[in-house]
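What follows is a single structure, written as structure tokens, with notes after it.
Note that ligands are numbered from 1 as they come in the structure, with each ligand's atoms numbered from 1 the same way.
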Amino acid sequence: MLNQKTIEIIKSTVPVLEKHGEAITTRFYQLMFGNHPELLNIFNHANQKQGRQQRALAGTVYAAAQYIDNLEAILPVVKQIAHKHRSLGIKAEHYPIVGKHLLLAIKEVLGDAATDEIINAWAEAYGVIADAFIGVEAEMYEEASNQKGGWDGFRSFVVDRKVQESDVITSFYLKPADNKEIAQFLPGQYISIKLEIDGEEYTHIRQYSLSDAPGKDYYRISVKREAGTPNPDGKVSNYLHDVVTEGEILMVSAPAGDFVLDTQKNTPVVLLSGGVGLTPMLSMLKTVVEVQPQRNVTFIHAAANGNVHALREEVESLTSLENVNTYFFYDSPTEEDRKNNNFDVEGYVTQDWLVKNIPTVEAAFYFCGPVPFMKSINTSLKNIGVPQDRIHFEFFGPKDSLEKN
Ligand code: HEM
């Protein structure tokens, strides 16, 4: 436990570090990757280039520091990050490396303002925060490897089937190479895929939501081809689309994530997705009709048009059920879409439309999609009086904020 003096130093210097937050973490990454280039096998290079991970780590260290005398209060946040860390294979021995370089960067950026007293206080605080993560992650590793069909780290899976779902989305059905059992998952969870790309020095790890219902002998991911190379964002997805074929081996970590459908509740549920944000929502939809067949479900999916609308048959096959309502929104429908009545509403999912069509503001709301879609849905739900504890969402990539611009 930190003494009162240290806690005071930490709390009073949080605003200073926040002010220099991005400069410190940018320098931190430069120093850390300089001394430990092997960590480039774990970190997402695209996130690095866009500065998203810089913001994520800086923000969390300062947020945690503000709660340094009561870390319990931010346990849900720690758990959510710990899921991601466990899925990536972050271990206790990585924490001192991050701590050392973070302190070096703080010292460098703050210069004379960083007295020994301040640096020592932050070293202690980082140790406490790191221990909290390490403890939660240790439990998660144990759980992942002890459950039936579970495993620790990355396991070989064969691409059993590769199915094109739209112009931009392709599904991969993954079966374990050892033909043994696979761990169950909760609808909404994701797996990490570790890829070695020919000619690349470091491995790439990406998370993909599982798009089918649990209980199968395979995991299915449905991957959107992101804007192409040289944009590093698209490197992995283009490789999966263009190079990885049926029969090939992919390295997969056990399912993780806390954005999951609560099947203990019986309230109506509203699932909203934009684009490839469809994947966790489809898993939730298929699960709810299987395990809670009486539950009222509203499934809303927004896509540009029929050419990029994936997995529609799977959703449509459930629309005959009395308690399932589905709505497809296209903002740029083609002539073909109009001729075939491929969509229900032209345009975006608006607050007015939600007011008129959702069963009740007391429903449980889950959503996933591009950030502008999520911001708009989040604002609409708040405006129409949906209580905060009924709003659940998932970002692709590092967590961001829906509140700020
Ligand atoms: C992701 C915080 C330690 C590697 C993240 C995220 C946060 C975070 C907020 C984003 C989570 C998300 O998007 O869901 C922290 C904090 C740490 C810490 C506060 C220390 C107390 C570490 C360590 C490593 C590490 C020790 C490994 C050396 C990663 C990686 C990602 C990540 C690889 C995925 C994002 C990317 O690849 O850019 N961390 N982290 N973190 N963290 Fe940590």
Side-chain angles (χ1 to χ4, degrees), residues 10 14 17-18 21-22 24-26 28-29 31-68 71 74-103 105-106 122-138 140-141 154 188-190 192-195 202-209 232-233 235-236 253 256-259 280 368 371 374 393-402:
I10 293 300
V14 164
L17 297 200
E18 260 173 350
E22 206 141 329
I24 293 169
T25 41
T26 302
F28 149 68
Y29 281 114
L31 290 167
M32 186 170 75
F33 292 142
N35 289 333
H36 292 272
E38 74 281 2
L39 290 179
L40 288 167
N41 286 310
I42 313 179
F43 281 86
N44 178 336
H45 311 185
N47 291 348
Q48 292 302 315
K49 286 222 163 60
Q50 294 164 3
R52 290 197 294 177
Q53 174 58 13
Q54 272 91 328
R55 286 196 288 275
L57 202 138
T60 309
V61 171
Y62 308 138
Q66 267 153 353
Y67 289 91
I68 195 71
L71 282 178
I74 56 159
L75 194 60
V77 181
V78 173
K79 279 196 170 156
Q80 182 254 315
I81 298 163
H83 270 285
K84 182 72 87 51
H85 282 162
R86 202 279 291 146
S87 166
L88 286 155
I90 308 301
K91 290 286 167 62
E93 59 265 30
H94 290 125
Y95 281 85
I97 303 176
V98 164
K100 177 182 156 190
H101 293 92
L102 193 55
L103 286 172
I106 291 175
W122 274 94
E124 265 193 78
Y126 176 81
V128 171
I129 297 167
D131 282 349
F133 277 88
I134 292 168
V136 171
E137 284 160 22
M140 287 181 177
Y141 276 109
F154 285 85
Q189 286 193 307
Y190 56 81
S192 285
I193 305 270
K194 180 156 73 176
L195 271 189
Y202 300 107
T203 55
H204 296 264
I205 305 182
R206 290 290 186 280
Q207 288 75 44
Y208 295 104
S209 298
D233 230 358
K235 194 170 268 173
V236 172
S253 71
D258 60 356
F259 174 66
C368 182
V371 172
M374 305 223 322
F393 53 83
E394 172 91 319
F395 281 99
F396 285 131
K399 291 284 162 284
D400 212 326
S401 169
L402 289 186

Atoms of ligand 1 less than 4.0 Å from [X] heavy atoms?
X    : value
L88  : 30 (C), 31 (C), 33 (C), 34 (C)
T60  : 9 (C), 19 (C)
V98  : 23 (C), 26 (C), 28 (C)
I129 : 21 (C)
K84  : 12 (C), 13 (O), 14 (O)

Are [X] and [Y] side-chain neighbours, meaning at least one heavy-atom pair lies under 4.5 Å?
X    : Y    : answer
S192 : F154 : yes
Y126 : V98  : yes
K84  : Y190 : yes
F28  : I106 : no

| query | Is it true that a side-chain atom of S253 and a backbone atom of L88 form a donor plus acceptor pair closer than 3.5 Å? | reply | no
| said: Tell me if a side-chain donor or acceptor on H83 pairs with a main-chain N or O of Q80 at a distance below 3.5 Å. | reply: no
| query | At their closest point, which heavy atom of Y29 faces which heavy atom of F43, and how far apart are they? | reply | CE2-CE2, 3.8 Å
| query | For ligand 1, is any non-hydrogen atom under 4.0 Å from I42's backbone (N, CA, C, O), its side chain (CB onward), both, or neither? | reply | both
| Relative to ligand 1, is H94 under 4.0 angstrom through side chain, backbone, both or neither, heavy atoms considered? | both
| Would you say Q80 and ligand 1 have an N/O pair spaced under 3.5 Å apart? | yes
| task | Look only at interatomic distance and state if H85 has a nitrogen or oxygen under 3.5 Å from any nitrogen or oxygen of ligand 1. | result | yes
| contact_flag I97 ligand 1 heavy-atom lt 4.0 Å | no
| query | Counting heavy atoms only, which of Y29, Y95, F133, F43 comes nearest to atom 33 (C) of ligand 1? | reply | F43
| message | Is the ring pair H85/F133 parallel, tilted or perpendicular, if the boundaries are 30 and 60 degrees? | response | tilted
